[in-house]
Amino acid sequence: MSEELAPGPQESPPAPRAGPREVWKKGGRLLSVLLAVNVLLLACTLISGGAFNKVAVYDTDVFALLTTMMLLSALWILFYLLRTVRCPDAVPYRDAHAGPIWLRGGLVLFGICSLVMDIFKTGYYSSFFECQSAIKILHPLTQAVFVIIQTYFLWVSAKDCIHVHLDLTRCGLMFTLTTNLAIWMAAVVDESVHQAYSHSNASHSRLAPDPGRMGSQIGGDCSCNTAICQIFQQGYFYLYPFNIEYSLFASTMLYVMWKNVGRLLASSAHGHSHAPARVSLFRETFFAGPVLGLMLLVVGLAVFIIYEVQVSGEGGHTRQALVIYYSFNIVCLGLMTLVSLGGSVIYRFDRRAMDHHKNPTRTLDVALLMGAALGQYAISYYSIVAVVVGMPKDVLGGLNLAHALLMIAQHTFQNVFIIESLHRGPPGAEPHGTPPKEPCLTFANLDALHTLPTCPPSPRLDGPSLAGPQETIAIILAPKGHWRRRCLKDISLFLLLCNIILWIMPAFGARPHFSNKVEVDFYGYSLWAAIVNICLPFGIFYRMHAVSSLLEVYVLS
């Protein structure tokens, strides 16, 4: 019986061709990584130096460096596109896992918002062109051109496994990746300084940005008095989160392309793609997850608006706003934790085989999920220590503690659920050779199965895949796990919508870390501001990356 059910012989993938390219593969990667590290450290030095008052680095220096990097990256991208068009054999393979449509769609969406931000930025600096450096206007214009070229490049080339100019391609991809990370760091620092300036007071004046130095904040030596200037200024700050996510999305796609340079794929490797031909939202769900998720999304938007209005107002309603904010987050995080646990329990009854094929995209997704979660872990543990040791005996202290604990639990169990989901095979990928547990599945004869009253025929039995006992068992098992797939789709959509609202709140300015004085009084403003400004961007990125991963989990379910 085991011999009958054993899969037939499969052709082994072709062995990698021996040659200088494969011999120096690690050397080429090392060269490109060293280039990226040196350029990134230079950019990091200038960007971080420009954020402090007593360092003689100005925002014009940062803009000049970023403009130069974007121009060089755009020129290399044009060279790459021209080379691959003129040499059809340059890309013999395409990675089916790389650059899924939802990732490229998100990149286009964030890219459009980044273009709008560049328009606002150009209009803002043009309002007082006579007393500003020309680089401040040239920078957003250059960034707009760079976003357009890079978005087209990643849309058409994200799946490429190029096999020409390997070392030059690796260096070019790493330099472009470094450019995106430098843009991300500049945006994060600029936004963090803006938030610190908004929350600072006289006692914290040494940490507040100097008006003469941070020209990107309040116009430097120029005043922004006109209504149109203030609209441009507020507009591009509210669009910063989209530009930040665009840079990170592009960086992840460029890293996968870098890993695929010179990669050899067997012809059978293309058959392991999990992406279906058609994706229909809310299809084959119980609608409980999407409905509950949409309710929390709408309620969360209302809570966010109330929080922003009451905290920024002068009516002394900050405490009430924090209670509402923490209460909503506790409910949302608690439900997400329970739902993630439920998904992991469902997988205990899932017979789908684990996918162990080499997949650079999945490896990067897992690493980013685990790494980005560390930022929120750090903030939560600092809050726990401040609350427990400081022992604030009020409702707000208890809500803060519960929020920090649930934040840790939610990140942990959601990561477990997502990572296990990404490693599951597609529907019907049950492990071969495993005897079925249901009595009706011990038969492999289709004529006999039609006569069994306890095992109704599957609606798929008329398909063309009835080639043997092995395929028959896989087809019959599909209806048995149908309820599991529906539950997993509901869970994925619910978590996806919840992560969206938990991204919106901090990305667009909700900072209960500073409005709540427990941590500020315990650690001091200097240390607490450094902790939040360093760790929170990773927490914000985690939410959007979780949305992308959960969308893939929904499709794979």
Side-chain angles (χ1 to χ4, degrees), residues 43 47 59 62-78 80-81 99 101-127 129 132-158 175-191 194 215-217 224 228-254 500 503-504 507-509 537 540-541 544-545 547-548:
I47 293 170
D59 52 358
V62 177
F63 288 157
L65 174 66
L66 294 179
T67 301
T68 304
M69 294 177 66
M70 287 187 290
L71 287 175
L72 292 175
S73 298
L75 289 175
W76 178 83
I77 290 174
L78 293 175
Y80 179 97
L81 293 173
I101 186 63
W102 53 86
L103 187 61
R104 288 181 290 161
L107 183 78
V108 171
L109 175 62
F110 291 133
I112 293 173
C113 295
S114 297
L115 291 177
V116 177
M117 186 201 73
D118 291 327
I119 294 174
F120 276 71
K121 223 172 187 179
T122 305
Y124 168 66
Y125 287 122
S126 300
S127 300
F129 175 77
Q132 289 284 8
S133 173
I135 192 65
K136 292 187 177 181
I137 298 179
L138 183 61
H139 171 258
L141 293 176
T142 306
Q143 180 167 285
V145 175
F146 173 71
V147 167
I148 294 173
I149 294 175
Q150 180 176 249
T151 302
Y152 173 78
F153 164 65
L154 292 175
W155 183 271
V156 299
S157 306
F175 185 82
T176 308
L177 188 153
T178 304
T179 301
N180 282 277
L181 290 180
I183 295 172
W184 170 73
M185 283 190 297
V188 168
V189 169
D190 203 13
E191 188 183 33
H194 175 71
S216 63
Q217 294 293 335
C224 183
I228 188 66
C229 178
Q230 293 177 0
I231 291 175
F232 283 142
Q233 183 185 26
Q234 294 298 322
Y236 85 78
F237 270 115
Y238 277 110
L239 289 170
Y240 257 140
F242 299 104
N243 180 246
I244 290 172
E245 296 301 330
Y246 173 83
S247 300
L248 293 175
F249 269 48
S251 299
T252 58
M253 297 175 72
L254 288 165
I500 288 177
W503 172 77
I504 290 175
F508 288 90
I540 295 174
F541 168 68
M544 187 49 64
H545 189 68
V547 169
S548 175

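Hydrogens, waters and symmetry mates are skipped; everything else that's a heavy atom, side chains included, is used.
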Min side-chain heavy-atom separation [X]-[Y] under 4.5 Å:
X    : Y    : value
I183 : M69  : no
S114 : L239 : no
R104 : M253 : yes
Y125 : F63  : yes
P537 : I244 : no

Checklist line | Steps toward side chain to side chain contact (heavy atoms under 4.5 Å, CB included) verdict (L71, V145) | finding: CA-CA 9 Å; L71 287 175; V145 175; over 6 Å; no
Please round to the nearest 0.5 Å and tell me the distance separating atom [atom1] of [X] and atom [atom2] of [Y].
X    : Y    : atom1 : atom2 : result
L81  : I149 : CG    : CD1   : 9.0 Å
I228 : Q233 : CD1   : CD    : 12.5 Å
T122 : M117 : OG1   : CE    : 9.0 Å
C113 : Y240 : SG    : OH    : 15.0 Å
T151 : I112 : OG1   : CD1   : 8.5 Å
I119 : S126 : CD1   : OG    : 12.0 Å

Margin query: Checking S73 against T179: is there a side-chain donor and acceptor pair closer than 3.5 Å?
Written below: yes
Next item on the list: Answer with yes or no whether the side chains of Y124 and K136 bring together a donor and an acceptor at under 3.5 Å.
Entry: no
Any idea which heavy atoms bring [X] and [Y] closest together, and the distance?
X    : Y    : answer
A187 : N243 : CB-OD1, 4.1 Å
W184 : S247 : CB-CB, 4.0 Å
G111 : V147 : O-CG1, 3.8 Å
A182 : A43  : CB-CB, 3.9 Å

Notebook entry, point to check: For C229, what residues pass the disulfide bond (SG atoms under 2.5 Å apart) criterion, not counting sequence neighbours?
Noted result: C224
Margin query: Working note: L254 + F153, criterion side chain to side chain contact (heavy atoms under 4.5 Å, CB included); need CA distance, chi angles, decisive distance, verdict.
Written below: CA-CA 10 Å; L254 288 165; F153 164 65; 3.8 Å; yes
Check: Are F508 and W503 close enough that their ring centres sit under 6.0 Å apart?
Finding: yes
Notebook entry, point to check: Less than 6.0 Å separating the ring centroids of Y246 and F249?
Noted result: no
Check: Can you tell me if S127 uses its side chain to pair, donor with acceptor, with the backbone of G123 under 3.5 Å?
Finding: yes
Next item on the list: Could you tell me whether a side-chain N or O of N180 sits under 3.5 Å from a main-chain N or O of T176, the two making a donor and an acceptor?
Entry: yes
Margin query: What verdict does the side chain to side chain contact (heavy atoms under 4.5 Å, CB included) test give for W155 and I101, after you've listed the backbone C-alpha separation in whole Å, the side-chain angles of each residue and the deciding distance to 0.1 Å?
Written below: CA-CA 9 Å; W155 183 271; I101 186 63; 3.6 Å; yes
Checklist line | Worked verdict on K121 versus F237 for side chain to side chain contact (heavy atoms under 4.5 Å, CB included) | finding: CA-CA 9 Å; K121 223 172 187 179; F237 270 115; over 6 Å; no
